[in-house]
Amino acid sequence: MRPLIATIDLEHLRHNYRLLKKAHGGRLLAVVKADAYGHGAVACAAALSEADGFAVAYLDEARELRAAGIAQPIVLLEGVFEAAEYAECDRLQLSPVVQNALQLRDFLAHTWHAPVTPWLKLDSGMRRAGFLPHELAAAHHALSTANHVREVVKITHFACADEPSSEMTARQLACFDQCCQALSGAESLANSAAMLAHPAARRDWGRGGIALYGVSPFENNTADLSPEAQALSGSLKAVMTLRTRVFGVRELAAGESIGYGAIFRAPRAMRVGLIACGYADGYPRVPSNDNPVLIDGVPSRVIGRVSMDMMTVELPRAEHGIGSVVELWGENISVAAIARRSGTISYEVLCHLKRAHKDYRAAEQSLSNQPQ
Ligand SMILES: *Cc1c(COP(=O)(O)O)cnc(C)c1O
């Protein structure tokens with residue numbers, strides 16, 4: 001077997017879920033869109049039997065969860081893309097976000113058979129999706145008086161919750177409260193960053209994504225964090241650790257180059273390990289790479305260009321060789337550091353993971369740990 005293995009610690013996933021839910025209060029949707037940010041949606045949802053509900057982006061992602069026997073509420077964050085999808089929402093008992101006039105029209109035209117909870121989205125300032133402040137009350141009235149509507153949950157999304165010093169979040173909160181105060185139904189404002197850093201955004205339903213996977217949403221903004229937010233993000237546990245093994249060794253003489261473009265030139269004689277992971281696996285390819293790695297527990301770095309299926313790392317110790325274990329990110333190497341050096345964010349790095357074998361841990365242990 002190719003030794004690229006993403007170990008997914010489901011006990012850490014549950015730890016993060018409980019931490020977020022306790023911080024937020026109320027109920028918490030576990031956001032498992034994009035295959036649970038690369039962690040495997042079905043396995044993660046199944047491990048979160050305690051979750052109040054799940055959120056996915058669109059219908060196919062929800063279908064996959066229902067087919068696997070996941071019975072909790074599921075919210076479609078983008079809502080539906082065509083009218084016919086409401087029949088499927090009805091059948092699978094999904095909660096669609098309604099964020100524009102077309103989705104509203106088709107929702108009202110559908111004859112619902114089962115009770116349904118639409119999530120009505122307000123554009124409180126992100127300007128990407130949602131009803132405008134002056135449109136919200138009419139949409140809320142139409143939905144809440146429709147047949148079989150159990151409740152209308154009011155939802156909005158923050159543009160800058162991960163920048164604690166930005167004034168945007170306070171403006172969006174004020175807009176939401178002004179528009180929604182007279183409208184019935186539960187409220188959902190907070191993504192991971194808002195849940196951790198903006199207590200005023202903690203309402204009835206949190207929506208936790210990145211932090212659920214143990215990754216802090218405050219990659220570049222830790223300086224402005226409140227002590228509470230700092231403590232909470234510091235208590236998250238990385239769910240995924242991506243590891244591979246050295247399967248080839250080379251001795252480079254001083255001045256020799258290695259890999260595509262011959263961009264790395266050995267400053268002295270050095271030993272290099274070839275490892276099974278490349279950009280086709282989702283590892284970011286950047287022009288000049290010296291990303292950190294851990295080799296049998298010893299800090300080292302990527303050298304040369306990342307290829308499609310392979311890359312090369314410096315072997316810092318004589319005992320490193322074929323079979324040495326290389327951590328690419330996770331427990332010790334933060335995925336945020338890899339993302340930052342690659343000009344992107346940890347969300348993208350995690351979502352791009354492909355081809356790695358997923359090894360789920362703690363499933364059995366935790367079952368036996370459940371109270372009888
Ligand atoms: C993806 C998403 C979330 C989760 O965001 P995180 O930053 O990963 O916690 C929450 N709400 C909406 C509407 C989303 O699309």
Side-chain angles (χ1 to χ4, degrees), residues 13 16-17 19-21 23-24 26-39 41 44-45 48 51-59 61-62 73-81 94-100 103 118-131 153-164 166 168-169 172-173 176 186-198 201-221 225 229 232-233 236 238-240 335-336 339 344-352:
L13 183 74
N16 297 332
Y17 182 88
L19 183 98
L20 290 172
K21 178 159 166 160
H24 180 268
R27 288 174 287 179
L28 176 60
L29 291 179
V31 180
V32 295
K33 63 188 176 186
D35 205 23
Y37 296 38
H39 294 67
C44 288
L48 289 172
D52 301 313
F54 298 100
V56 296
Y58 64 106
L59 181 60
E61 294 183 327
I74 301 178
V75 176
L76 304 184
L77 293 170
E78 289 185 307
V80 303
F81 290 90
L94 309 175
S95 302
V97 164
V98 176
Q99 59 181 359
N100 60 49
Q103 289 179 338
W119 286 47
L120 175 63
K121 186 158 183 174
L122 167 71
D123 176 2
S124 59
M126 186 150 177
R127 310 300 286 130
R128 192 179 60 171
F131 288 87
V153 177
K154 297 163 286 175
I155 170 176
T156 197
H157 195 49
F158 295 117
C160 305
D162 58 335
E163 299 168 34
S166 163
M168 189 71 178
T169 306
Q172 288 192 257
L173 268 164
F176 181 89
E187 301 179 345
S188 177
L189 281 73
N191 59 0
S192 296
M195 231 180 285
L196 297 170
H198 300 276
R202 297 170 184 161
R203 303 289 170 94
D204 302 295
W205 283 96
R207 308 186 303 270
I210 196 76
L212 190 61
Y213 305 104
V215 176
S216 166
F218 309 107
E219 297 174 355
N220 303 313
N221 308 302
L225 278 186
L232 287 169
S233 0
L236 296 169
V239 173
M240 180 196 295
V335 69
T344 183
I345 54 174
S346 30
Y347 295 76
E348 189 186 16
V349 172
L350 291 172
C351 288
H352 281 184

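Position 1 is the first residue of the sequence, and the numbers go up from there. Atoms within a ligand are numbered from 1 in the order they appear, just like the ligands themselves. Every value quoted in this text rests on a predicted model; they were computed, and no experiment measured them.
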In short, Pro217 meets Leu196 closest at the heavy-atom pair CD-CD1, 3.9 Å
Tightest non-hydrogen contact, residues Glu78 and Phe81, listed as OE1-CZ, 3.3 Å
In short, Ala194 meets Ala201 closest at the heavy-atom pair CB-CB, 4.1 Å
Note: ligand 1 atoms sitting under 4.0 Å from heavy atoms of Asn191 are 5 (O), 7 (O), 9 (O), 10 (C)
for atom 12 (C) of ligand 1, nearest protein heavy atom and its distance come out as His157 CE1, 3.4 Å
Going by the 4.0 angstrom heavy-atom rule, the piece of Ile210 near ligand 1 is both
protein heavy-atom neighbour closest to atom 9 (O) of ligand 1 works out as Ser192 OG, 2.5 Å
For atom 8 (O) of ligand 1, the closest protein heavy atom turns out to be Tyr37 OH, 2.6 Å
Heavy atoms of Gly214 and Val239 approach each other most closely as N-CG2, 4.3 Å
*Quick one: does Arg128 get an N or O within less than 3.5 Å of an N or O on ligand 1?*
no
shortest atom 2 (C) of ligand 1-to-protein heavy-atom contact is with Lys33 NZ, 2.6 Å
Closest heavy-atom pair, Leu48 versus Ala30, reported as atoms and distance to 0.1 Å, is CD1-CB, 3.8 Å
Sequence neighbours excluded, the answer for side-chain contact (heavy atoms from CB on, under 4.5 Å) partners of Asp52 is Tyr17, Lys21, Arg27, Leu28, Trp205
Note: Ala339 and Ile345 closest approach over all heavy atoms is CB-C, 3.3 Å
Filtering Met195, Gln99, Arg207, Glu78 for the heavy atom nearest atom 11 (N) of ligand 1 leaves Arg207
So for ligand 1, is Tyr347 a polar contact partner (N or O within less than 3.5 Å, distance only)? yes
Is Ala211 close to ligand 1, meaning an N/O of one under 3.5 Å from an N/O of the other?
no
